[in-house]
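Note that the structure is a prediction, hence the values are computed from the model and not measured. Each chain gets a letter, A, B and so on, in the order its sequence line appears, and its residues count up from 1.
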Amino acid sequence: MIALVDCNNFYVSCERVFDPMLEGRPVGVLSNNDGCVVARSNELKALGVEMGTAMHLLPPAIRRQAVLLSSNYALYGDMSQRVTEVLGEFSPHVEVYSIDESFVGFQGFDPDSLEARGQAMRDTVRQWTGIPVCVGFAPTRVLAKVANQAAKKHPAYKQHGVCKLTADSEATKALLKQLPVTELWGVARRTGERLSVMGIDTAWDLREADAKRIRQRFSVVQERIVWELRGQSAIQLDDMSLPKKQIMVSRSFGRLTGNPHDLREALRHHAARAAEKLRKQQSVTSAVMVFLRTNPFRTDLPQYQQRVVVSLERPTDDSRDIIASAVQGLRRLWRKGYAYHKAGLMLLDLSPKANRQLTLTETPQTDEEAKRSERLMATMDKLNRELGKGTVQLGLPRKGNAWALRSERRTPRYTTQWNELLVVK
DNA sequence: TCTGGGGTCCTAGGACCC
DNA sequence: TCTGGGGTCCTAGGACCC
């Protein structure tokens, strides 16, 4: 059996831990630039606010009633780690799936003990971190997702917040029969439309469908879901500790800008962030893709969207090389006369730094150069880690630049910044 | 005025090889 | 009328996830 542990309204719950006044009120957390709602408390959901609603489209009445906060990722990331640590007390097999969800393996445990273990896990997370979670047990990941949804919403389970499903029980059958197929993990609108044509509308319909036919019409991905619904494991989760295959950093700007200096600063900044991520997973990159775009929603303005790949002379993890490539890419992309809305970059073609081989065409770097680069980057990372993000930067952004994020309602970073811990209201 | 950011996997199709 | 038969590698694009 495997458990899916999912935090309830995670970002909102994090905020509530540090401000109990938010309890019982409609609370929403906004995306970057305070653009749209990305997390909602149950009270806000009850007011009919959908996930992803643009801030400026929220009815004024709701805006008055609700507490809307800028996102505080430093806080959420730290809280997430604390939750994961608690889960580790209950099983050696914890796979972190996202910031607010983990799969926890319970192979070899007495099946009859699981509900009690789930309950204990839930209580302990709540007590030690303040975050409410729900737990779904099932033989496969897709069913564990279904169980977790039931633990959150279904009248029969939500009081305890724990639900255990076996593959073939009547309870499972009943649940799958009333579950629209698009609410399954891995089935979204597009696939749902095509399944509907085949007369498959509920999760149960999909479970009973001919797996081969599903594979022919769709792909192995959909076929695996059929097997998982029947209780046969077909989905392996990537080991989250594996290095990423690509690293992206991009942001929409606080306001539109056509100024090349703004774009250059933004991209330098993103490139430095990407290089940090790269070093953290001990990889090197040999190509940087840079992209630039105008705001697609502003149909009244001329549109431009372009990307370019810049190859590096040699695979590297040195911020200076990566920043230089980003700036070079920008020079090739930038056109006069557009109001840009977003810029970013992606590090491609990543490989492990250890034992890397010289390519045929590269100019070898002297040992001395390599060591200097190594020391400089390690020192920068250490200072930023220990003294706070942005302590050391390559070039300083100007004040009041157009690309800086708008984040007007952010709560203090209680758990990661000493100087924000004490807040007098 | 204002619409997030970061990932993964799979498939199809083209280029190229022998 | 007829124009082989496999392979591999790479890229673009679709679909999905949180």
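At a threshold of 4.0 Å, the pair A:R320-A:D318 counts as salt-bridged, since one of the basic side-chain nitrogens sits closer than that to a carboxylate oxygen. Salt-bridge annotation for A:K145 and A:E228: absent, with no side-chain N of the basic residue lying under 4.0 Å from a carboxylate O of the acidic one. We find that A:D317 and A:K277 are not joined by a salt bridge, their nearest charged nitrogen and carboxylate oxygen being 4.0 Å or further apart. A:E208 has no carboxylate O lying under 4.0 Å from a charged side-chain N of A:K177, or vice versa, which leaves the two without a salt bridge.
Checking A:S319 against A:R279 by side-chain atom types alone, a donor-acceptor pair falls below 3.5 Å. Looking at A:N33 and A:S252, their side chains never bring a donor and an acceptor atom within 3.5 Å of each other.
If you check every strand for non-hydrogen atoms under 4.0 Å, A:I247 touches sugar and phosphate atoms only. Note on A:R224: only backbone sugar-phosphate atoms sit closer than 4.0 angstrom, heavy atoms only; bases stay farther off. A:H270 comes within 4.0 angstrom of nothing in the nucleic acid, heavy atoms only.
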Strictly under 3.5 Å: I want the nitrogen or oxygen pairs between protein and nucleotides 14-18 of chain C, one per line.
from	atom 1	to	atom 2	distance (Å)
C:dA15	OP2	A:R190	NH1	3.2
C:dA15	O3'	A:T191	OG1	3.3
C:dC16	OP1	A:A188	N	3.2
C:dC16	OP1	A:A188	O	3.3
C:dC16	OP1	A:T191	N	2.9
C:dC16	OP1	A:T191	OG1	2.3
C:dC16	OP2	A:R190	N	3.4
C:dC17	OP1	A:L184	O	3.4
C:dC17	OP1	A:G186	N	2.6
C:dC17	OP1	A:V187	N	3.3
C:dC17	O3'	A:W185	NE1	3.3
C:dC18	OP1	A:K145	NZ	2.6
C:dC18	O3'	A:S98	OG	2.9
C:dC18	O3'	A:D100	OD1	3.0
C:dC18	O3'	A:E101	OE2	3.4

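Between A:M346 atom CE and B:dG5 atom P the separation is 15 Å, expressed in whole Å. The distance between atom CD of A:Q306 and atom P of C:dA12, rounded to the nearest whole Å, is 12 Å. If you measure from atom NE2 of A:H341 to atom P of B:dC2, you get 8 Å, rounded to the nearest angstrom. The distance from atom OH of A:Y76 to atom P of B:dG5 is 15 Å, rounded to the nearest whole Å. Atom CZ in A:R293 sits roughly 13 Å away from atom C1' in B:dG5 (whole-Å rounding). Note: CG (A:L350) to P (B:dG6) measures 15 Å, nearest angstrom. Regarding A:R298, its CZ atom lies at a distance of 9 Å from the P atom of B:dT3, rounded to whole Å. Here the P atom of nucleotide B:dG7 and the CG atom of A:L345 are 11 Å apart, to the nearest Å.
If you take atom C1' in C:dC17 and the same atom in B:dG4, they sit 15 Å apart, rounded to whole Å.
In plain terms, the two heavy atoms of A:Y76 and A:S70 that are nearest each other are OH-O, 4.0 Å.
Checked against A:N72 for a side chain to side chain donor-acceptor pair (under 3.5 Å), the options A:T416, A:T411, A:D78 give a single hit: A:T411. Partner A:N9 forms a side chain to side chain donor-acceptor pair (under 3.5 Å) with one of A:E15, A:R16, A:K45 and no other, that one being A:K45.
The stretch residues 249-257 of chain A touches DNA chain B through A:V249, A:S250, A:R251, A:S252, each having a heavy atom under 4.0 angstrom from the strand.
Between A:K277 and B:dG7, a side-chain N or O to OP1/OP2 separation shorter than 4.0 Å is present. OP1 or OP2 of B:dT3 sits under 4.0 Å from a side-chain N or O of A:N295.
Taking the six-membered ring wherever Trp is involved, the centroid distance between the rings of A:W128 and A:F90 does not fall below 6.0 Å. A distance below 6.0 Å separates the ring centres of A:W185 and A:Y97. Under the 6.0 Å cut-off for aromatic ring centres, A:F253 and A:Y340 do not qualify, their centroids lying 6.0 Å or more apart.
Along DNA chain B, the nucleotide closest to A:V221 and the one closest to A:M248 are compared, and the more 5′ of them pairs with A:M248.
Distances from the side chain of A:K342 to the nucleotides B:dT3, B:dT11, B:dG5 place B:dG5 closest. The side chain of A:H56 has B:dC2 as its nearest neighbour among B:dC2, B:dT8, B:dG5.
DNA chain C contains the following stems of three or more consecutive Watson-Crick or G-U pairs, with both distances under 3.5 Å: B:5-18 with C:5-18.
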